[in-house]
K.L.:
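Got a structure for you, questions after.
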Amino acid sequence: MAIAYLTYDRQDMAFANYGPFWRQMRKLCVMKLFSRKRAESWDSVRDEVDSMIKTTAASSGCPVNIGELVFGLTHDIIHRAAFGSISHDGKEEFISILQEYTKLFGAFNMADFVPWLGFIDLAGLNTRLPKARARLTRNNIKAIIMDVMFGGTETVASAIEWALTELMHTPESLKRVQQELVDVVGLDRRVEESDFEKLTYFRCVIKEVLRLHPPIPLLLHQSSEATEVAGYHIPKGTRVMVNGYAVNRDKSAWENPNTFNPSRFLQNGAPDFKGSNYEFIPFGSGRRSCPGMQLGLYAMEMAVAHLLHSFTWQLPDGMKPSEIDMTDVFGLTAPKAIRLVAVPTPRLLCPLY
Ligand code: HEM
């Protein structure tokens with residue numbers, strides 16, 4: 001119900017039904033926006049990560065709200081990728097609109113399951129939905145820019161915040177990944193994209209974070225044909241929700257599935273996230289899988305690598321790793337319920353910017 005309302009009855013790409021409109025939009029986005037050939041999107045990641053490191057260095061020795069820091073970062077990256085310019089005008093307002101959209105997309109209403117019980121409005125959606133929609137202009141909606149801003153901002157921000165959180169919660173993994181950065185890159189220069197392929201453990205950390213905290217935990221699909229799955233008949237047009245969060249933690253596929261253990265991805269034959277290993281689907285699978293995967297991964301890897309390489313991190317006020325709040329929010333996305341706050345200290349021997 002919220003999805004149909006907020007997307008003007010699926011007039012966008014992400015929630016559009018499969019068909020010619022979706023195909024055209026997808027082609028346009030993949031070729032013009034997410035393509036590696038569109039250098040501006042990739043440049044924006046590098047420039048904005050640099051600017052985030054500068055801001056972090058200015059707060060050296062003081063508690064930094066990592067959640068707010070990385071949300072600002074991904075907003076700026078995606079804003080530049082989408083509009084081709086940097087603008088901080090109305091940034092906070094825009095972030096608050098995105099956050100309200102996320103909550104509303106994820107809010108289940110009685111009418112989603114039992115249409116005739118639609119008058120029971122536990123989440124207050126009947127008043128919140130018109131208010132949220134009225135805050136965006138028609139032109140915003142008409143463009144698929146909303147999809148891009150929504151798809152690219154909170155997903156990447158939440159993945160970066162969870163990466164820092166899991167590492168601070170498991171100090172031995174933090175130590176190991178930071179040592180790898182010293183061994184491969186050293187401390188006398190900044191980490192670069194060309195280093196990534198040698199940062200084996202770092203790449204396992206990224207995968208393990210996306211396994212435990214897929215930024216879009218629930219994949220919303222619809223059957224285009226009648227079919228049979230595990231003996232169940234699925235009629236054409238059935239709404240199918242794939243619980244990626246549960247799949248990524250399925251104990252028949254993963255040993256100690258709820259434990260953060262990046263080393264599991266060091267093993268031969270460990271799954272990759274490209275969508276062909278069905279036990280690991282943070283970007284979905286098949287023709288509706290994430291078109292922004294490369295850009296999203298690039299932004300996540302750049303931000304996490306630079307934050308870990310440039311600074312040592314401590315919890316504020318003598319807080320212990322076991323005291324970090326690890327709760328996530330249940331909705332269309334799964335960000336941290338309580339922002340991570342940590343204290344950076346520069347550790348490079350070269351200037352940070
Ligand atoms: C860590 C980062 C990201 C993750 C984990 C992620 C994950 C996903 C997932 C799980 C889906 C649904 C797949 C399905 O239903 O099977 C999706 C769809 C989508 N994502 Fe991403 N995403 C990320 C970053 C991005 C970025 C950076 C953008 C754009 C700049 C983006 C744009 C989209 C769009 C437009 C769709 C809808 C595609 C369609 O319906 O055809 N995503 N993403």
Side-chain angles (χ1 to χ4, degrees), residues 3 7 10-36 38 40-42 44-45 48 70-71 73-84 98 102 105-106 143-163 205-224 239-248 273-276 278 280-304 331-335:
I3 288 171
T7 59
R10 297 172 190 263
Q11 294 283 313
D12 66 329
M13 170 168 79
F15 296 105
N17 290 326
Y18 180 67
F21 171 76
W22 169 80
R23 268 201 300 276
Q24 202 184 353
M25 283 303 175
R26 174 106 183 182
K27 202 164 135 195
L28 201 78
C29 276
V30 169
M31 278 165 43
K32 300 284 175 206
L33 213 52
F34 309 127
S35 154
R36 189 81 228 217
R38 189 176 184 274
E40 295 96 308
S41 304
W42 265 257
S44 75
V45 173
E48 297 304 333
V70 298
F71 221 113
L73 166 78
T74 58
H75 168 277
D76 292 346
I77 292 175
I78 301 298
H79 192 285
R80 267 185 61 179
F83 298 102
L98 282 183
T102 308
F105 275 139
I144 56 140
I145 283 166
M146 190 204 80
D147 272 1
V148 174
M149 295 298 291
F150 179 77
T153 307
E154 186 162 6
T155 48
V156 181
S158 122
I160 301 169
E161 188 178 10
W162 273 120
V205 166
I206 297 291
K207 285 184 179 169
E208 182 67 341
V209 170
L210 291 171
R211 183 185 73 81
L212 282 178
H213 306 285
I216 301 187
L218 220 50
L219 313 183
L220 309 177
H221 286 228
Q222 194 168 358
S223 58
S224 50
R239 230 182 283 166
V240 181
M241 295 190 194
V242 180
N243 188 343
Y245 183 94
V247 168
N248 290 352
F273 38 49
K274 300 206 173 121
S276 42
Y278 294 126
F280 186 44
I281 47 169
F283 293 94
S285 177
R287 44 169 88 110
R288 293 306 285 254
S289 65
C290 177
M293 179 172 94
Q294 278 200 358
L295 184 61
L297 265 179
Y298 180 63
M300 180 185 176
E301 288 178 345
M302 284 292 271
V304 176
L332 184 71
T333 56

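We count ligands from 1, going down the list as the structure has it; atoms in each ligand are counted the same way. Positions are given from 1 along the sequence. Worth knowing before you read on, the calculation uses all heavy atoms, side chains too, and leaves out hydrogens, waters and symmetry mates.
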K.L.:
Ligand 1 versus Cys290, non-hydrogen atoms closer than 4.0 Å: side chain, backbone, both, neither?
P.N.:
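For Cys290, backbone and side-chain atoms both sit under 4.0 Å from ligand 1.
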K.L.:
Hey, could you give me the OG/CE distance between Ser158 and Met300, rounded to the nearest 0.5 Å?
P.N.:
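Result: 8.5 Å between the selected atoms.
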K.L.:
Go through ligand 1 atom by atom and flag the ones less than 4.0 Å from a non-hydrogen atom of Pro215.
P.N.:
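Counting atoms of ligand 1 from 1, those under 4.0 Å from Pro215 are 5 (C).
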K.L.:
Between Pro291, Ser158, Gly292, flag the one that comes closest to atom 19 (C) of ligand 1 by a heavy atom.
P.N.:
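Heavy atom nearest to atom 19 (C) of ligand 1 belongs to Pro291.
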K.L.:
Using a strict cut-off of 4.0 Å, indicate which atoms of ligand 1 neighbour a heavy atom of Gly284.
P.N.:
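With Gly284 as reference, the close atoms of ligand 1 come out as 10 (C), 13 (C), 16 (O).
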K.L.:
Using the rule side chain to side chain contact (heavy atoms under 4.5 Å, CB included), only one of Val209, Leu212, Val304 pairs with Trp162; which is it?
P.N.:
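Looking at Val209, Leu212, Val304, the match for Trp162 under the side chain to side chain contact (heavy atoms under 4.5 Å, CB included) is Val209.
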K.L.:
Can you tell if the side chain of Phe283 reaches within under 4.5 Å of the side chain of Ile216, non-hydrogen atoms only?
P.N.:
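When only atoms from C-beta onward are counted, Ile216 and Phe283 do not touch, as no gap falls below 4.5 Å.
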K.L.:
Evaluating non-hydrogen atoms only, which member of Ile216, Thr155, Leu218 is closest to atom 11 (C) of ligand 1?
P.N.:
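The nearest heavy atom belongs to Ile216.
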K.L.:
Using a heavy-atom cut-off of under 4.0 Å, does the side chain or the backbone of Ser285 touch ligand 1, or both, or neither?
P.N.:
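It is the backbone that touches ligand 1; the side chain stays farther off.
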K.L.:
Geometry only, no angles: is Arg288 polar-contacting ligand 1 at N/O separations under 3.5 Å?
P.N.:
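Looking only at distances, the answer is yes, because the N/O contact criterion of under 3.5 Å is met.
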K.L.:
Considering non-hydrogen atoms only, spot the tightest contact between Leu210 and Ala159 and give its length.
P.N.:
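So the two residues come closest at CD2-CB, 4.1 Å.
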K.L.:
Going by the side chain to side chain contact (heavy atoms under 4.5 Å, CB included) test, name the single residue among Leu73, Ile78, Ile77, Asp76 that passes it with Thr153.
P.N.:
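With Thr153 as partner, side chain to side chain contact (heavy atoms under 4.5 Å, CB included) holds for just one option, Ile78.
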K.L.:
Is there a side-chain contact between Asn248 and Phe280, using heavy atoms and a 4.5 Å cut-off?
P.N.:
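Yes, their side chains come closer than 4.5 Å.
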K.L.:
Do we get Arg23 above Tyr18's six-membered ring, with its NZ or CZ under 6.0 Å from the centre and within 45° of the axis?
P.N.:
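Yes, cation above the ring, under 6.0 Å and within 45°.
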K.L.:
Going by the order shown, which atoms of ligand 1 are within less than 4.0 Å of some heavy atom of Leu219?
P.N.:
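Heavy-atom distances to Leu219 below 4.0 Å select 10 (C), 15 (O), 16 (O).
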K.L.:
Tell me which one of Arg26, Met241, His221 gets a heavy atom nearest to atom 15 (O) of ligand 1.
P.N.:
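It is His221 that holds the nearest heavy atom.
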